[in-house]
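Numbering of ligands and ligand atoms starts at 1, following listing order.
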Amino acid sequence: MSKFVLAFDTANETVAVGVGEIAKMPEGLQINPLISQESAAHRASNTLLITQLDTALELAGVAKADIAAVVCGRGPGSFTGVRICMATAKGVASALEVPLYGVSTLDAVAWNAWQNGVRGHICVVADAMRKEVYPAEFSVTDAGVQRLDVDTVIKATELTFEADIVMGDGLAKYSDIMQQFAPLADEALWQPTGIGLLLAAQALINTGAMDISVRAWHGEISAPGIVRMGDPAVLLPVYTRLSDAEENERIRLAEHMGAHVGSNLQTGVQDVIANDNAVRTADIVYRPLDARYVDDVACLEALTMGTDAWNADLVLDELPRKDRTWWAAYYHDELIGYCGGWVVDGDVQILKIATDPAYRRLGIAHRLLAAVACDARDLGATTCSLEVRSSNAGAHAFYEARGLQKIGVRPGYYSDGEDATIYQGPLPVSISDVAGMELMVNQEDEQQVTELEKPLILAIESSCDETAASVVDGNGALLSDVVASQIDFHSRFGGVVPEIASRKHIEAICGVTEECLEAAARSLNVSRVRWRDLDAVAVTYAPGLVGALVVGVAFAKGAAWGADKPLIAVNHLEGHLYANKIASPDIKPPMVVSLVSGGHTMLVHVKDWGNYETLGSTIDDAVGEAFDKVAKALGLGYPGGPLISKLAAQGNPRAINFPRAMMHSHDLRFSLSGLKTAVTFYIQKEKEANRPLNMPDIAASFQQAVIDVQVAKAKTALIETGAREFCLGGGVAANPGLRAAYDKMCASLGVRITMPPLTACGDNAAMIALVASDRYAQGKFADWTLDIKAHAPLDEPY
Ligand code: KG4
Ligand code: ZN
């Protein structure tokens, strides 16, 4: 029976879909294109893509079950467009259990030109937004298309090239500039097409970079620990630049002059927080190298590199360069290691890597190399190379363990005449631990089930900085609850960076859902739970960060479509409400729920499940936001909530009288920005007066001001609605002071209180799965046009 390839791309303003039939030829597998279908995306490829896939398969007369491989465009293009394509593709390939391969969107444009008879030296220029373009040059002959350079990004006004013809969607904005260098191709050739994607895939097959034989996919070729070719988990977009936050950080860090000064925290905070860290490695932080530390780098260089040591000026000169990435390890603000890389033509050359001898064997070099490799990957590198002293056996073993191979020797490379051994290999980016994120499998929630109750629903949550998945059965038993938190990647920016969040979601989504299915299998005591064993796929579609939501929604749609299961759309806030069912499955409306998180502060009257009335919400900052901002003002880390509550436990909540905003506003609205300002003002005043800050007292007093208002308003809500049940949700619901105060208030009213377990206060997918159970029972499903929504109230019905 014939097998087929499904290819698609939504990197830019076109939804391109191709379907090809796989034929076995003497020279190897051949994809014969059947369908090439293109339509305008109108900035809504997320709503269009799945329907387009259905149409293409129908036109080709191909059943999903006969798809043997999925191919998707990796960009470069609009970051969101590329992620919609790739997340959908990851979902489809995972559910169909077939390999996924990526092709460059620019290659697809070039191959489409080839198909249309264009020959010669061509340049494809794609729009990279912000006055930049992605140019790529190709040599196109009868024999095919050959790429002449690697992906880069450059200011449109700085681009020069020589070519016979230029094409690409960058011409829509920059045709005036580009036609100075080459004649413009017909507009029909500017976008990728289905056939272009299929031909680009064929080129990968011909070079051995793509293997769609069953043998390859079922793991006969790959050894344990080696990435299986075509594994949907490992495919990532081509970005060719860092996120703005990282780029700005680089500029800022490179500018900082003067040696660093130790932390200026004043009273006992270090101790309070440090008590928590039993392991010393937990105190090591990894950040891009800060120019204030270049003297420390020079010292370590002198110590470890002898006469080949770099001086501070050499290092300083590196930091502002766009094609460099330098990372450092710090222990209590002391530099203890660093690693620098230079991205040239798709390869990152490791310029320097060193660890303070006092801190060896803590995995520091490994973490530093991984951080440099991650940045390098985002800058377009696919390989890594470096030189190491031929006599340094430890280093050789270190690189070989990371998959690098000796490719040669540079005689007399070092100043003392020693040879350098050259290593090269794929980027040493760790994939086993879902993109460097810690995978938390919430064992407590895993319930051993003797007899499976249908329906089995897998839910996905990706609205902010947690990638999460959970499986629930027909009895509402949570069979698995997996969360990968990105906090480490955001904390150095003092808050969630949306672009980084989106990138991390797409890196983690396969690993998280795979682990979730495996955990569900353990609960069910079966060897495996597959996508096809599920009865529905659910996903958070609102509210949250657009780029983050998009990844979860596109992946869920792809997986549901691939597995032929219905799709369920869940409101994140309703999820936080349902998290209370984990602690008390029997809670019953009417209830009042307080939702307090980094993005929300509201009191809601739950008249019935699905029938909600928002009684009041914040008119400015959310509670969690206030905790985070106050923590920042106190020089603590991010997220601030847990740090403040820990400090507060040691302070006097009555020490400072911070304002209780809107306490007497006679409504249920909140305001927190004034409180945050009052705390900041207080800190400033104390500093000016040269008085040491009593951090625990400030934290406790701030927290008390928050609690007093929250509790008073919740009490009013309970009295006004007459509800006999109270519950809460959101990250701030983990605050022990707040929990205790609510407990007391509810006891005084004789109202039953339910609180989610601490693990279910923050974002998770178990809560989404519980909502999904109800939707399934009600037969409320979403269709393939489901899109994300940044804002949606709890009471908005889907
Ligand atoms: O629900 P969540 O995980 O994410 C959002 O949807 O926002 O909430 C995160 C927020 C952060 O602002 C964090 O500082 C806060 O919850 N938070 C806390 C505590 N733990 C987390 N706030 C106060 N006390 C805590 N113990
Ligand atoms: Zn949340």
Side-chain angles (χ1 to χ4, degrees), residues 272-273 276 440 459-468 483-487 490-491 493-498 501 540-545 548-549 552 570-580 593-602 604 617-618 621-634 636-651 653 672 675-676 679 699-700 702-707 709-710 728-742 755-768 771 790-792 794:
V272 176
I273 295 165
D276 226 29
M440 284 170 288
I460 294 168
E461 154 67 38
S462 74
S463 66
C464 190
D465 61 344
E466 255 97 30
T467 320
V483 183
S485 170
Q486 312 174 349
I487 279 193
H490 300 286
S491 60
F493 300 102
V496 176
V497 179
T540 303
Y541 80 100
L545 300 170
L549 286 164
V570 177
N571 180 309
H572 179 81
L573 298 173
E574 195 172 12
H576 277 305
L577 164 62
Y578 271 65
N580 289 283
V593 60
S594 159
L595 295 179
V596 275
S597 72
H600 299 276
T601 301
M602 53 173 76
V604 177
S617 50
T618 179
D621 292 353
V623 185
E625 202 178 346
F627 271 89
D628 295 339
K629 287 179 175 170
V630 166
K632 203 168 185 175
L634 287 173
L636 305 170
Y638 172 85
L643 298 170
I644 295 229
S645 61
K646 218 168 280 165
L647 272 178
Q650 324 213 346
L672 285 125
L675 171 58
K676 169 208 69 193
V679 178
F702 156 75
Q703 182 175 294
Q704 196 57 48
V706 171
I707 293 174
V709 181
Q710 288 293 319
L728 53 156
V732 188
N735 185 290
L738 187 64
R739 288 168 88 99
Y742 275 139
M755 294 187 266
L758 292 182
T759 50
C761 289
D763 292 345
N764 63 87
M767 65 188 198
I768 305 301
V771 181
H791 305 282
L794 177 58

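Distances below 4.0 Å separate heavy atoms of P642 from the following atoms of ligand 1: 19 (C), 20 (N), 21 (C), 25 (C), 26 (N). Of all atoms in ligand 1, listed by their number and element, those nearer than 4.0 Å to a heavy atom of G598 are 5 (C), 7 (O), 8 (O), 9 (C), 10 (C), 12 (O). For ligand 1, the atoms closer than 4.0 angstrom to any heavy atom of G624 are 12 (O). Atoms of ligand 1 found under 4.0 Å from any heavy atom of H576, numbered from 1 in the order shown, are 1 (O). Within the listing of ligand 1, atoms 3 (O) sit less than 4.0 angstrom from a heavy atom of G762. The ligand atoms of ligand 1 that sit less than 4.0 angstrom from a heavy atom of G599 are 7 (O).
Among D628, L595, L643, the residue whose heavy atom sits closest to atom 12 (O) of ligand 1 is D628.
Ordered by chain and number, H572 NE2, H576 NE2, D763 OD1 make up the set of protein N, O or S atoms under 2.8 Å of the Zn ion (ligand 2).
For the pair G730 and ligand 1, the shortest N or O to N or O distance does not fall below 3.5 Å. For P639, no nitrogen or oxygen atom sits less than 3.5 Å from a nitrogen or oxygen atom of ligand 1, counting backbone and side chain alike. On a distance-only criterion, E466 and ligand 1 share no N/O pair closer than 3.5 Å.
Of all the heavy atoms in S594 and Y742, the pair that sits closest is OG-OH, 3.2 Å.
Residues forming a side chain to side chain donor-acceptor pair (under 3.5 Å) with S617 (at least two apart in sequence, or on another chain): none.
Between C464 and ligand 1 there is no heavy-atom distance shorter than 4.0 Å.
Atom CG in L672 sits 9.0 Å away from atom CZ in F627 (nearest 0.5 Å).
The backbone N or O of N735 sits nowhere less than 3.5 Å from a side-chain atom of S645 that would complete a donor-acceptor pair. Distance alone, capped at 3.5 Å, places no donor-acceptor pair between the S463 side chain and the G544 backbone.
At a heavy-atom distance under 4.0 Å, only side-chain atoms of S645, from C-beta outward, approach ligand 1. Both the backbone and the side chain of D763 come within 4.0 Å of ligand 1, judged by heavy-atom distances.
Of all protein heavy atoms, the one closest to atom 15 (C) of ligand 1 is V732 CG2, 3.9 Å.
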